[in-house]
Trainee: 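Below is the structure I would like to discuss, written out as C-alpha cells.
Side chains included, hydrogens not; waters and symmetry mates left out as well; all remaining heavy atoms used. To find a chain, count down the sequence lines: A is the first, B the second, and so on, and within it residues start at 1.
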Amino acid sequence: MVRSFFHRHGKFQPVAPDDGRAEQKIPDDLWVKCPRCQELLYSKQLEQNARVCPKCAYHFRLRARERIFLLADDGTFHEWDKDIAPRDPLGFADGSGTYAEKLVTTRRKSGETEALVTGRATIGGHRVALAVCDFDFLGASMGSVFGEKLVRAIERAGDRNIPLLTISASGGARMHEGMFSLMQMAKSVAALARLGNAGVPHISLLTDPCYGGVTASYATVADVILAEPGALIGFAGPRVIEQITKQKLPEGFQTAEFLLQHGMIDLIAERTSLRTTLTTLLAHYGRAADHQAMLNPAPRHRPSEVALTLTEQGVVAAHVPALSLAGRSVSHAEPSPHHE
Amino acid sequence: MVRSFFHRHGKFQPVAPDDGRAEQKIPDDLWVKCPRCQELLYSKQLEQNARVCPKCAYHFRLRARERIFLLADDGTFHEWDKDIAPRDPLGFADGSGTYAEKLVTTRRKSGETEALVTGRATIGGHRVALAVCDFDFLGASMGSVFGEKLVRAIERAGDRNIPLLTISASGGARMHEGMFSLMQMAKSVAALARLGNAGVPHISLLTDPCYGGVTASYATVADVILAEPGALIGFAGPRVIEQITKQKLPEGFQTAEFLLQHGMIDLIAERTSLRTTLTTLLAHYGRAADHQAMLNPAPRHRPSEVALTLTEQGVVAAHVPALSLAGRSVSHAEPSPHHE
Amino acid sequence: MSDQVDDLVSAHSTALIGVNGGPPAVTGTAPRPTAWDRVKLARHPERPRTLDYIERLTTGFIEMHGDRSAGDDQALIGGMAQFGDRTVMVLGHQKGRATNENIARNFGMPRPEGYRKAERLMTHAAKFGLPVVSFIDTPGADPGISSEERGQGVAIAESLLTMADLPVPLVAVVIGEGGSGGALAIGVADRLLMLENAIYAVASPEGCAAILWKDAAKAPEAAETMRITAPELLRFEIIDAVIPEPTPAHLAAEATIKAVGAAIAHHLDALESAYLRGDPRGGDRLRADRYAKFRRIGSWRDGPF
Amino acid sequence: MSDQVDDLVSAHSTALIGVNGGPPAVTGTAPRPTAWDRVKLARHPERPRTLDYIERLTTGFIEMHGDRSAGDDQALIGGMAQFGDRTVMVLGHQKGRATNENIARNFGMPRPEGYRKAERLMTHAAKFGLPVVSFIDTPGADPGISSEERGQGVAIAESLLTMADLPVPLVAVVIGEGGSGGALAIGVADRLLMLENAIYAVASPEGCAAILWKDAAKAPEAAETMRITAPELLRFEIIDAVIPEPTPAHLAAEATIKAVGAAIAHHLDALESAYLRGDPRGGDRLRADRYAKFRRIGSWRDGPF
Ligand SMILES: [Zn+2]
Ligand SMILES: [Zn+2]
C-alpha cells in the first residue's frame, strides 16, 4: 500500500521544506529525529514509510512531486502547463528586494516554476485531474499562475468529465501580486461552481500547513474534504490570532482533528492508506457515473461555456467569446497589457 | 396603524386562552393586570392597543380570528375549508376519555372546528393566503385537518401566485392522531418545497408559544421568519429540557430575542407595527414579481403538478393523478378507508 | 429486561409482510405481541444498529463527517458505500451499546449538526445521482439546551425540506425506534419500510402517557392506543411495507440484516425502473409522486362537523 | 489624524472616473494623494458607512438577521429594500463610529455567521430575482478563536461559491476598506465599483509590512507597492469603474452617497438590459459572462521561464 518511492527510485531528492521548522528537515545523514516523539529514525526507513514516523505517525511534509509520485499509478502522470510562469505585474519590492528577483531565487531553490503542479494521472486505475501545492515555492502562496494553472486543471476535469483531486498546503494569497492574487480565490471557486454544475466531483486533501486564501477558497469548496493527521489548517494564522486576541489558543487548535470535531472536514486520511481511500472514493463516483450512463445513455455532461482548447503539453489555445460588457472585447488569444 | 378592533366592532369576544396561564386571562371586568409589569390595565384600552401592554409592551395572546381581524384589510378575509373537520382514526382514548369526545368539547369551548384557520385576504392592499393557528383548540396541535387545511392553503397560494403568511402558536404535533399527525410535518414542508420552486414567498410569524412539530416543520421553512417580542419558541419544551438535562435554563432561553441572537429568525415584529412590516415585505415581493413580469411577460409561474380545484367556500374537487406506485390508485375524490 | 423480552419470542408471529398497501399476510396462530412488547423489542440493546447494517450490506463505506459549520454528530452518521452494483448514500441514527458508546452517540439522539450533516449528504447524493438509504433508530431529537441554541427545530425542518425535494430515490427503513420528528427528518422517503418489531411514533409512549395520563407508568396503554406498530402503520398506509422478523432481530441479526438488504434492493430496483431508466428527467416525476404520497396522508371528514 | 487627513483634501484630484477599462480622466493639477493617504481616507471614522447608504438611497429596508444556524453577525448586515423602482437585496459590512458601536459591530470584521447570512440572503435574492447590491467596507474577516472554530475559511469559500453562481445581477461598491478575503466574500460581482479614495488589498498594508519588511511601520511603503488604490485597480481591470470623490467622502457624505447611488442604478440598468430583458434564461448568460470576467484575471507569461 505504501510506496517506498524515495528509496525505490531515488528520483526525488529529499528536500528540506523552506518553512522555518528546522526540526522537520531531513538532512543528508542517515538519521532524523521525529519532531513529535523525538525518536531517532533511519532516513531510508522513514522514506519507505511515506515520511510518516513509524512510531508516532507524525506526517512529515512532502513536496508536490513527491505527493504525486506517492499517489499516481506508475508512469501515468502527465503534467499540464509546465511552462506558464509568474510575472511581476505590480513592480513589487519589499525590504529584501524585488518580487522579480525573488522569483528567480525561488525557482532555483525549489526547482519549480510555480507553487502548483497540475496534470492528469490515474489512481488505482481511476482517471483523475491533479493540482498539488509545493510549499517550497514561496510557501505555496496563491498568485496568478497558481490560479491560472488551477483553473485550467478544473476546466479540463470538467471537459473530460474526470474527478479533480487538489492537494493543498499554503500560507495563503501571494502578497507580491496584490489584488491579482486575491482574485484567484474568486476565479478558482467560480471554476469549481461550473465543475459542480457539470456533476464532476472535487476531492480536496488538506495538508500541513493550510491557511488564508487557500482555506477560504477552492480547498474547502469540495465534495469530500480530507485532511492529513495533525495538519494545521485555518483561516487566520495562530500567531496573528494570539497577537490580536491576546488569548491563549486551545489545545489542538486548528489541527485536522480539531477541524473534524468542529464539522469542517469529512475524514482524516492517514498517508499510509491514502491511495486506498482515494481509490475507494473514486470508485464510488465512477460507479455512480457509470450507473447514470447505463440508465440514460445520452450524455449528462455539459461542456463548459467558455471553451478552452488545451493540449497535454500545456500549450494553450484558448477561445473566450467576446464579452458583452460594454467596451470590452478581450480574449486570451489577445492578452491584455499586463499579460505578457 | 393599530386597529382597535375589539372595541370598534365588538365582534370578537375576549376569550381566555386555554393554556394554563391564569395571569393572561382577560376577565369580563374592566381591569386586567399585566403579567410582566404588574400594571393594572383598563381592558378596553388594552384591546385598543392590540392587546399589547402600553407600559411594558407585553404581548398578550390572541385567537386566530382576532389576529386575522387585526391584520386583514376590512372585509377582505374569505375563509377556506371551514367545514373540514377531524376524525378519530386511531380510536384514541386516554385517562380522561376518548379523542372523539375531546373534539366535541373543544369545538364547543373554542368555537372552532380545528386549530388552523385559513383563507385569503389583502393586507395593505396586497393579496395574501393566510394560515393562522388557534391555540385554544387543543393547544393548536397539528393533526390531519391542520395539515390538510394548511397544504390546501399552500397549494392555492402556489396556483394563484400569491404570498403565503402563516401565523403559528402551537404545542406541537397532536398525539391523539398518532403518526397521521407526525406525517403532517412532511406533508406541509413538501408543499412548501413546491411553493418555493414556484417562486412564491412564505412569510412565517411565530407567536407565543411555538413548539415541537410546528417549529420543526412549516413554520421555520420560510423566506422570512418574524417573531413577536417575548414569544417562547423552541423544539423541546422548557420543562422537558430541565427534567432531562437537570440543568438550569439560561436567562431568556427560547424567547424571540434569544432566537434572534442565535440567528434563527429574521426580525422581531412588534404587534403594533406588524401590519406596516407585512405591507412593506409584501410590497417588496410584489414589486420584484412585477419587475420580473415586465422584463419577461411570459408567465414565470409553474402551476403545481398535482392539480387541486378548490372553490372559495372550501368545497374540494381535488384531482390527484393516479399514483404510479405499484398497487395504489388513490385519489382524494375516492377517499381511502380511513378518510370518511 | 432481556429475559422478559426473550419470553415474548415464542408468542411471536412468524411471517408478516405487505407491500404497497396490500393486506399483511399473517401466518401462525400464536398471539400477537402487544404494542408495549414491541416497544421493548424495538429498544433491545442487542438489536442490530445502523453500523451493523452498513458493515454487512455494503463495501467501501466512507464515513463523511461534519456539517461544515458547527460539529460532527455521532448520533446521525452517513457516507458513501457500495450496495450491490450501486454507489449509495447511507444515512442512519446510531445508538451505542456500552455506556461509553451510548454517551458518545448521545443515545442515538441527533443534535442540529446531525440534521445539517444529513442535509449536506443528501444534497451530495442528489448532485451525483446516488440513491439515499436511511436507517431510522432514534428515541428522538436531542432535547438539550445547546441543541435549542443551535436551532434544533430549524435543522429538522430544513432536512425535511431538502429530502422532500430530492431528485434521487429514497428508501428508509425503521430498524428500531422511530422517535418523532427526530426520526422523520431522515424519513421523507419514496418507500418507507419497517421491521416487524420496530415502532414509529409521534411521541414516546412514556412522554405521551406523562402528558395525557399525567402518569408515565401508563406507557403500555399509551403505546396501544397510539398505533405505533408496523402492521398498524401499514394498514394506515403510512408505511409501504413490513419486513418480517420470524425471530426478533436481536436473536437473529444475520437473517434480519439480510432481509432488510433484500427489501432495500427490491425497492431501489423498482424505483429506478419506474422513474429513472430511460428518462433523464425522471427525477421530477419521482419528486412529484413523492409529494403525492405524502400529500394524501391524513384522516378527516369533509362535511360539516 | 483627522486634521492631517483634511489637509490632504486640497491636494486632491477632483474628478476621476473610468468605466469598463477606459482610462481614467484626471483633471486638476494638484498632486495625487499617495496610497497611504488614501488608506487613511478610506478608514476615516466619519466616512459614510453601509447603513448611511441604505438610509439615503433606499426605502422600506427590512433588515434580515441571522444565518439560521448559529448567530446574527452585526458586522455584515443585509435585507430587502426598495431602490428606485426595484426591490433589491442589500448586503454590506458595517463598521461602528463610537467605541460601543465598534465593539458591537466587531470593527466591521465579519464572523462565519456573517458570511453564512450573506449566503442565505443571496440565495433568497436568486429565488425572487432580486439584484444584489453590496457595500464593501471591512478591515478583513474576524481573526478570532471562535471564528476559526466555526469555520471562517469554509464560510468565506461557500459565500464565494454561491455568489459566483447566482443568476441575478450583482453590483458591489468598495466604499471604504476592502480588506482581503473578508471583502471578496461579498464582492464576486458583475460590476465592481470603487470610490476614488477607497482601497482594496490582498492584506492590510500593516500586515504586509510586518511580514515582508518585518516592520509594520513600513506600511506606507507597502501600501504604495501593493497597488491598492482605485485608479491602479481600474488600470489592472480588476475593478470596473471608479466613482469620483471631488471632495473626500467624509467631508461630502451627501454628494458621495448620491454619486454611488447613481452609479449603482446605472450598472443595474445596464446589466438588466444586457441580460434579463426579454430573456427568461438570461441568468445563465449573466453567470457565464461573470465567469469569463473572473476567469481572465491574472498576470502570467505563457512561455518558458
Ligand atoms: Zn514520531
Ligand atoms: Zn406590562
Trainee: Tell me, with the steps shown, if H284(A) and F83(C) meet ring pair (Phe, Tyr, Trp, His ring centres under 6.0 Å).
Mentor: CA-CA 10 Å; H284(A) 283 322; F83(C) 175 66; over 10 Å; no
Trainee: What part of L226(A) is in contact with chain C, defined as an atom under 4.5 angstrom from a non-hydrogen atom: side chain, backbone, both or neither?
Mentor: neither
Trainee: Taking the basic N atoms (NZ, or NE/NH1/NH2) and the acidic carboxylate oxygens, is any pair closer than 4.0 Å for K127(C) and D223(A)?
Mentor: yes
Trainee: Under a 4.5 Å cutoff for heavy-atom pairs, which residue among D85(C), V88(C), I62(C), D73(C) has the most contacts with chain A?
Mentor: I62(C)
Trainee: With a 4.5 angstrom heavy-atom cut-off, is it the side chain or the backbone of E113(C) that approaches chain A, or both, or neither?
Mentor: neither
Trainee: So if I take each residue of residues 210-218 of chain A and look for any heavy atom under 4.5 Å from a heavy atom in chain C, which residues do I end up with?
Mentor: none
Trainee: Which distance, rounded to the nearest 0.5 Å, do you find between the OG of S69(C) and the CE of M264(A)?
Mentor: 6.0 Å
Trainee: Does a side-chain heavy-atom distance below 4.5 Å link T280(A) with M80(C)?
Mentor: no
Trainee: Counting distance only, does the side-chain N/O of N296(A) pair as donor-acceptor with the main-chain N or O of D279(C) below 3.5 Å?
Mentor: yes
Trainee: Please identify each residue that fulfils side chain to side chain donor-acceptor pair (under 3.5 Å) with R120(C), with sequence neighbours left out.
Mentor: D266(A)
Trainee: Grab the two heavy atoms, one from D72(C) and one from L260(A), that are nearest each other, plus how far apart they are.
Mentor: CB-O, 3.6 Å
Trainee: I'd like to check V224(A) versus M64(C) (side-chain heavy atoms, cut-off strictly below 4.5 Å). Are they in contact?
Mentor: yes
Trainee: Within the supplied structure, the quantity of interest is the number of heavy atoms (other residues, nucleotides, ligands) at a distance under 6.0 Å from R281(C) CZ; does it exceed 12?
Mentor: no
Trainee: Could you check whether any side-chain N or O of Q292(A) sits under 3.5 Å from a backbone N or O of G129(C), counting only pairs where one atom can act as donor and the other as acceptor?
Mentor: yes
Trainee: If you take all heavy atoms of L130(C) and A288(A), which pair is closest and at what distance?
Mentor: CD2-CB, 3.3 Å
Trainee: Report yes or no: do H291(A) and E272(C) form a side-chain donor-acceptor pair below 3.5 Å?
Mentor: yes
Trainee: Please state whether the side chain, the backbone, both or neither of T123(C) comes within less than 4.5 Å of a heavy atom of chain A.
Mentor: neither
